[in-house]
Amino acid sequence: SDSLQVITLHITDPNGVDDATISFTVSDSTYTMNDSELNFSSDTLTFTPSSNFTEGVVGFALISAADLFGDQLQTVISDSFTVDLSAPYISGPQPAVGSFVSNLQPDISIMIIDSSSYIEPDSINLIVQGITYSISDDALTWNTTDSTLTFSPAAAGITFADGDSINVSLTAYDHIDYSAPHPLEYEWSFGISLGGPTAQLVSPTTQTFSSDSLQVITLHITDPNGVD
C-alpha cells in the first residue's frame, strides 16, 4: 500500500559487477546509474521512486548488467507488485439498512470487497447486539468465492424479540505485504416486526348508548415499532 515502494535486488558476480552496465526498467521507463532513482552498493541494487506510483500493477525488470570482464547478465530478471491504495468497501447489507423483517432469527449478511487485494479472514469481526463474532465461530461464515459474510442467529443460539432494533457493526482490513493494511468499519441496523399495529376501543364502549350528538370516539393504536 506504499505509493513510494522501494525495489531491491541482489546482483552478484565473483568478478564484481560493473555498475555502469546496469539497466533497470520500472513501468516501461528505463533507468541507469546516471539516474538518481538507482543506487548500487555492496551487491544491492535499490530503486527509490521519485514520484508516487498509481494504484495497480507495477512491473519491473533488470534488463542488463555485466561483470568487470564484460560478461553479460545471464538471465533477465522481471517481476511485478501491486500498489493498493484503496480501503475495502461493503455492498448489499441484509437485512437492508432501516428495514423490518418478520423473522426472529434472520440471517445477517454483507459483501466485503477489495478492488486490488483480498480481505484478511482473521481480521473480520461482526458485532451483533454488542457481542463480537469472528470466523472461528460457527455462527459466522466467510465465503471467499463471492466475498459474502453471513451470520446465523440460529447457529449462535439467538432468538430476537418482536420490536427489537438489531445493531450490527463490521470491522476488517485487507491483505498488505508491505506497509499498513487499510481498515474497514461499517455499522447498520434493522428491526424485527412480526405484524402490524393493534387497535383497542377506549370509548364509547361496545354497544353503549350516548345522548351526545358530538360523541368523541377514542381508540388506542399501538405497535412496538411505532405507528406511522
Side-chain angles (χ1 to χ4, degrees), residues 55 85-174 180-228:
E55 188 166 64
L85 304 177
S86 301
Y89 61 94
I90 64 93
S91 178
Q94 293 295 326
V97 177
S99 66
F100 290 92
V101 295
S102 57
N103 182 351
L104 298 181
Q105 291 183 317
D107 281 354
I108 300 171
S109 65
I110 190 169
M111 294 181 68
I112 313 174
I113 305 165
D114 192 79
S115 57
S116 298
S117 182
Y118 60 88
I119 304 300
E120 280 287 0
D122 291 342
S123 76
I124 298 172
N125 285 294
L126 194 73
I127 304 171
V128 181
Q129 300 295 77
I131 301 175
T132 301
Y133 300 89
S134 69
I135 62 169
S136 63
D137 297 305
D138 293 338
L140 193 63
T141 57
W142 172 238
N143 187 331
T144 57
T145 302
D146 61 8
S147 301
T148 299
L149 183 70
T150 304
F151 173 75
S152 169
I158 295 174
T159 301
F160 302 122
D162 186 23
D164 277 353
S165 178
I166 312 304
N167 300 304
V168 186
S169 300
L170 167 70
T171 60
Y173 54 78
D174 57 4
H182 305 103
L184 165 68
E185 295 183 1
Y186 182 74
E187 298 180 358
W188 85 99
S189 62
F190 62 92
I192 306 293
S193 178
L194 297 183
T198 58
Q200 181 180 10
L201 178 63
V202 176
S203 67
T205 56
T206 304
Q207 296 181 346
T208 54
F209 294 90
S210 174
S211 63
D212 187 349
S213 62
L214 292 173
Q215 173 66 49
V216 174
I217 303 171
T218 306
L219 297 91
H220 278 162
I221 306 174
T222 60
D223 190 282
N225 302 308
V227 178
D228 185 358

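The first residue of the sequence shown is numbered 1, and numbering continues consecutively from there.
- The structure places OG1 of T148 at 9.5 Å from CD1 of I110, a figure rounded to the nearest 0.5 Å.
- Ring-plane geometry between F190 and F160 is classed as perpendicular, the angle between the planes exceeding 60 degrees on a 0 to 90 degree scale with a lower cut at 30.
- Distance alone, capped at 3.5 Å, places no donor-acceptor pair between the W188 side chain and the Q94 backbone.
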Practice problem: Start with the C-alpha distance between Q105 and T159, add both sets of side-chain angles, then the distance that settles side-chain hydrogen bond (donor to acceptor under 3.5 Å, both in side chains), and finish with yes or no. | Solution: CA-CA 6 Å; Q105 291 183 317; T159 301; 3.2 Å; yes
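- Atom CG of L85 is separated from atom OG of S116 by 7.5 Å, given to the nearest 0.5 angstrom.
- Minimum heavy-atom separation, I192 to F100: N-CD2, 4.3 Å.
- A donor-acceptor contact under 3.5 angstrom links the side chains of S86 and E55, judged on distance only.
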Practice problem: Dump the intermediate steps for side chain to side chain contact (heavy atoms under 4.5 Å, CB included) on I124 and L170, then the final yes or no. | Solution: CA-CA 7 Å; I124 298 172; L170 167 70; 4.3 Å; yes
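- For the atom pair CG (D162) and CG (L104), the distance works out to 7.0 Å, reported to the nearest 0.5 Å.
- Within the 4.5 Å cutoff, the side chain of P181 has no heavy atoms near those of the E120 side chain.
- Checked by atom type, the side-chain pair S109/D107 shows no donor-acceptor distance below 3.5 Å.
- S123 places a side-chain N or O within donor-acceptor distance of the main-chain N or O of Y173, the cut-off being under 3.5 Å.
- Separating the CD1 atom in I112 from the CG atom in D174 is a distance of 11.5 Å, to the nearest 0.5 Å.
- Between S189 and V97, the closest side-chain pair of non-hydrogen atoms is not below 4.5 Å.
- Taking 4.5 Å as the limit, every side-chain heavy atom of S203 sits out of range of all side-chain heavy atoms of I217.
- Using modelled atom types, no side-chain atom of Q129 and backbone atom of V168 make a donor-acceptor pair closer than 3.5 Å.
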Exercise. Output, in order, the C-alpha distance, side-chain angles, deciding distance and verdict of side chain to side chain contact (heavy atoms under 4.5 Å, CB included) for I108 and T150.
Key: CA-CA 6 Å; I108 300 171; T150 304; over 6 Å; no
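- At most 12 heavy atoms of other shown residues, nucleotides or ligands fall within 6.0 angstrom of atom CG in D138.
- Nearest heavy-atom pair across S91 and I113 is CB-CD1, 4.0 Å.
- Within the 3.5 Å criterion, the main-chain N or O of L140 finds no donor-acceptor partner in the side chain of D137.
- Put simply, CG on D114 and NE2 on H182 are 8.0 Å apart, with the number rounded to the nearest 0.5 Å.
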Exercise. Could you check Y133 against L149 for side chain to side chain contact (heavy atoms under 4.5 Å, CB included), going step by step and ending with a plain yes or no?
Key: CA-CA 11 Å; Y133 300 89; L149 183 70; over 6 Å; no
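- Interatomic distance, CG of L126 versus CD1 of I131, reported as 11.5 Å (0.5 Å rounding).
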Quiz prompt | Candidate pair W142 and I119, rule side chain to side chain contact (heavy atoms under 4.5 Å, CB included), full reasoning | solution = CA-CA 10 Å; W142 172 238; I119 304 300; 3.9 Å; yes
